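Remarks on the structure that follows.
Just so it is clear: chains get the letters A, B, ... in the order the sequence lines come, proteins before strands, and each one is counted from 1. Not measured: the values here are computed from a predicted model.
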Protein chains: 2
Amino acid sequence: MNKVQATEKPRQRAPSKRALATRARVFDAAEKVFADRGFDGATIRMIATEAGEPVGTIHHHGGGKDVLFQQTVARRAATLSQARLEALARLEAPATMAAVLEAFIRPFFDLALQDPRWRNYARLVAFVSVDGRWRDLSAECFDPTAEVFLAEIKRLAPHATPQQTAEGFVFTVAAMLALLTSQGRISDLAGSSQAQAAQIDHLVAFCAAGFVA
Amino acid sequence: MNKVQATEKPRQRAPSKRALATRARVFDAAEKVFADRGFDGATIRMIATEAGEPVGTIHHHGGGKDVLFQQTVARRAATLSQARLEALARLEAPATMAAVLEAFIRPFFDLALQDPRWRNYARLVAFVSVDGRWRDLSAECFDPTAEVFLAEIKRLAPHATPQQTAEGFVFTVAAMLALLTSQGRISDLAGSSQAQAAQIDHLVAFCAAGFVA
DNA sequence: GTCTATATGTAGATAGAC
DNA sequence: GTCTATCTACATATAGAC
């Protein structure tokens with residue numbers, strides 16, 4: 001058993017499993033701390049503590065605080081986009097407005113329901129959406145997919161002006177993020193709790209009705 | 001013996017006009033900087049520069065960074081609540097869902113359209129709504145009025161469950177803040193600009209239709 | 001790749017002159 | 001009430017040992 005890679009030094013060595021696991025822990029920790037406290041409220045030290053790694057390791061994998069932040073946001077964006085576009089492609093030919101909106105909304109909830117890291121990611125995205133300094137980042141990560149859905153929505157509501165469809169889409173995204181990040185706020189207001197499954201249906205119905213109007 | 005009473009503030013003297021103006025400049029500046037950068041991203045020095053005041057003055061009027069932040073959020077909340085409740089009271093007897101939602105939504109836009117400081121305030125509120133650390137502050141400032149409107153909405157949609165009305169209200173608030181803080185984001189997506197007046201009508205219609213569904 | 005120690009900057013806060 | 005000067009603490013980042 002010769003260890004080939006031990007002596008070879010190509011342009012970039014494949015990272016070891018150990019290194020990849022560390023890297024994932026660093027980004028998961030960054031995701032959680034950034035989601036809790038925002039970019040400026042988070043510190044490299046908090047992230048290091050959360051990850052169970054020394055401070056230097058965060059810089060090594062993250063490459064500075066704002067690169068770390070941007071990569072943390074970008075990391076899951078491709079997965080999310082793909083899930084959304086696949087859901088859209090799965091719709092049979094005469095799609096309804098509700099079905100298109102659900103193809104956009106549900107994948108995020110499915111991921112969030114089964115993985116708490118995706119819930120952290122949702123809160124992180126909410127922070128990004130509110131802070132004007134990350135507009136370019138947000139556009140890079142999410143606009144391409146948004147354009148695809150926007151085109152589909154326009155096709156289903158040809159009578160609406162471009163402004164109206166754009167507005168409706170912004171309202172839909174805002175409502176989706178609010179529900180994703182509410183974490184019981186709605187139950188507080190309502191006085192009791194209910195399965196999230198129904199809430200997603202309500203969100204889709206709410207937005208679909210809004211678009212029709 | 002009389003030492004304690006002597007050193008205690010007898011009662012607060014009425015502040016001079018000059019002092020009140022300075023105080024207002026401090027809070028306006030804090031509002032803008034907090035709206036731009038969030039709580040942690042803002043610094044006392046940025047606020048001082050924005051206000052054209054020395055650093056010590058910010059502490060004097062604000063009393064520490066987080067007290068300053070909370071007072072900045074609370075400062076306009078009463079005005080907003082009052083405007084909303086008055087708009088609600090002005091509705092004639094058989095109110096529609098759209099009219100009730102408009103009574104909630106339009107006052108904020110009216111203030112924001114005529115005063116850029118209210119636009120800053122809207123962005124500040126968006127930051128607060130996304131950061132879990134300010135949940136108590138947010139509840140204190142906005143929940144009482146929200147309860148009034150929620151009761152009215154329930155009256156107009158007796159068939160809906162408490163969960164559904166609470167959800168719809170959260171969606172409405174999220175969409176409202178998104179539109180208030182969009183600052184041309186919607187025009188970007190739509191490819192052209194349009195008067196905000198129509199956008200508010202669209203928002204009301206969107207949400208009213210959602211509630212009916 | 002991983003971890004420690006440290007350099008450098010700037011934050012929030014305050015004491016005291018005016 | 002207003003402003004200056006300064007204290008203390010902790011941030012990011014990096015150099016270099018392992």
Side-chain angles (χ1 to χ4, degrees), chain A residues 3-34 36-72 131 133-134, chain B residues 7-34 36-72 131 133-134:
Chain A
K3 302 177 176 110
V4 180
Q5 87 272 15
T7 51
E8 265 186 8
K9 177 83 179 195
R11 281 189 57 81
Q12 55 201 23
R13 207 169 33 210
S16 68
K17 272 188 181 174
R18 169 98 175 76
L20 280 177
T22 300
R23 185 183 173 80
R25 272 205 314 285
V26 167
F27 278 94
D28 288 346
E31 190 167 65
K32 168 152 179 39
V33 176
F34 282 134
D36 283 343
R37 326 243 333 172
F39 176 77
D40 300 287
T43 70
I44 300 286
R45 283 154 169 54
M46 286 179 201
I47 294 168
T49 302
E50 177 72 28
E53 297 288 339
V55 185
T57 299
I58 311 302
H59 274 96
H60 179 76
H61 286 93
K65 192 183 180 185
D66 52 352
V67 173
L68 174 63
F69 183 82
Q70 295 182 53
Q71 291 195 350
T72 304
D131 190 328
R133 290 174 291 168
W134 304 115
Chain B
T7 50
E8 255 179 9
K9 283 190 278 188
R11 190 68 180 96
Q12 54 208 21
R13 226 182 5 228
S16 68
K17 271 188 183 174
R18 169 98 174 74
L20 280 177
T22 300
R23 185 182 172 79
R25 271 205 314 284
V26 167
F27 277 94
D28 288 346
E31 192 167 64
K32 167 150 180 41
V33 176
F34 282 135
D36 283 342
R37 325 243 333 173
F39 175 77
D40 300 287
T43 71
I44 300 287
R45 284 163 168 77
M46 285 179 202
I47 295 168
T49 302
E50 176 73 29
E53 298 288 339
V55 185
T57 300
I58 312 301
H59 273 96
H60 179 77
H61 285 94
K65 192 182 179 186
D66 52 355
V67 173
L68 174 63
F69 183 82
Q70 295 183 51
Q71 291 194 350
T72 304
D131 190 329
R133 289 174 292 169
W134 305 114

Exercise for the section: Please list, chain by chain and in numerical order, all residues satisfying side-chain hydrogen bond (donor to acceptor under 3.5 Å, both in side chains) with Thr22(B), sequence neighbours excluded. Expected result: Arg18(B)
Practice task
Sort and list the pairs that fulfil ring-ring contact (aromatic ring centres under 6.0 Å, His included) and have at least one residue in residues 53-72 of chain B, not counting sequence neighbours.
Solution key: Phe34(B)-Phe69(B), Phe39(B)-Phe69(B), Phe69(B)-Trp134(B)
Handout entry: Counterpart residues, side-chain hydrogen bond (donor to acceptor under 3.5 Å, both in side chains), relative to Glu53(A) (two or more places apart)
Key = Arg25(A)
Practice task
Report the residue (Ala42(A) or Gly52(B)) whose heavy-atom-nearest nucleotide on DNA chain D is the more 5′ of the two.
Solution key: Gly52(B)
Completion exercise
To the nearest angstrom, the CG-P distance between Asp40(B) and dC10(D) comes to 15 Å
Handout entry: Distance, rounded to the nearest Å, where Phe34(A) contributes CZ and dT12(D) contributes P
Key = 9 Å
Completion exercise
When rounded to the nearest 0.5 Å, the distance separating CD of Glu50(B) from CD1 of Ile58(B) is 10.0 Å
Problem - Atom pair distance, as rounded to whole Å: CD1 in Ile44(B) and P in dC3(D) - result: 16 Å
Practice task
To the nearest 0.5 Å, tell me how far Asp131(A) CG sits from Asp131(B) CG.
Solution key: 11.5 Å
Problem - Residue list, side chain to side chain contact (heavy atoms under 4.5 Å, CB included) with Ala19(B), at least two apart or on another chain - result: Pro15(B), Ser16(B)
Practice task
Whole angstrom is fine here: how far is it from CZ in Phe69(B) over to P in dG12(C)?
Solution key: 13 Å
Problem - Side chain of Thr43(A) - closest among dT12(D), dG1(C), dG1(D) - result: dT12(D)
Problem - Atom pair CG/OG1 of Asp28(B) and Thr72(B) - distance to nearest 0.5 Å - result: 9.5 Å
Fill in the blank from the handout: Note: contacts of residues 58-66 of chain B with DNA chain C (heavy atom, under 4.0 Å) are His59(B), Gly64(B), Lys65(B)
Exercise for the section: Check each residue of residues 23-32 of chain B for a non-hydrogen atom within less than 4.0 Å of any atom in DNA chain C, then write out the ones that pass by number, or none. Expected result: none
Exercise for the section: Specify the separation, in whole Å, of atom CG of Leu20(A) and atom C1' of dT2(C). Expected result: 15 Å
Practice task
May I ask you to verify whether the side chain of Arg18(A) and the base of dG1(C) hold a donor-acceptor pair under 3.5 Å?
Solution key: no
Are there any protein N/O atoms within less than 3.5 Å of an N/O atom in nucleotides 15-18 of chain D, and if so, which ones and at what distance?
none

Handout entry: dT10(C) OP1/OP2 closer than 4.0 Å to side-chain N/O of Arg45(B)
Key = no
Fill in the blank from the handout: Residue set satisfying side chain to side chain contact (heavy atoms under 4.5 Å, CB included) with Asp36(B), at least two apart, ordered chain then number -> Lys32(B), Arg123(B)
Completion exercise
Winner on side-chain proximity to Ala19(A), out of dG1(C), dA11(C), dC3(C), is dG1(C)
Handout entry: Toward the 5' end of DNA chain C, by each residue's nearest nucleotide, Val55(B) or Glu53(A)
Key = Glu53(A)
Practice task
Name all residues meeting the side chain to side chain contact (heavy atoms under 4.5 Å, CB included) criterion together with Pro54(A); count only those two or more places apart in sequence or in a different chain, and write none if there are none.
Solution key: Thr57(A)
Practice task
Provide, to the nearest angstrom, the distance between the CG atom belonging to Leu68(A) and the P atom belonging to dA11(D).
Solution key: 15 Å
Fill in the blank from the handout: Of all heavy-atom pairs linking Ala42(B) and Val33(B), the shortest is CB-CG1, 3.5 Å
Fill in the blank from the handout: Thr22(B) has its side chain closest, among dT2(D), dC3(C), dG12(C), to dT2(D)
Fill in the blank from the handout: Sequence neighbours excluded, the answer for side chain to side chain contact (heavy atoms under 4.5 Å, CB included) partners of Asp40(A) is Arg133(A), Asp40(B)
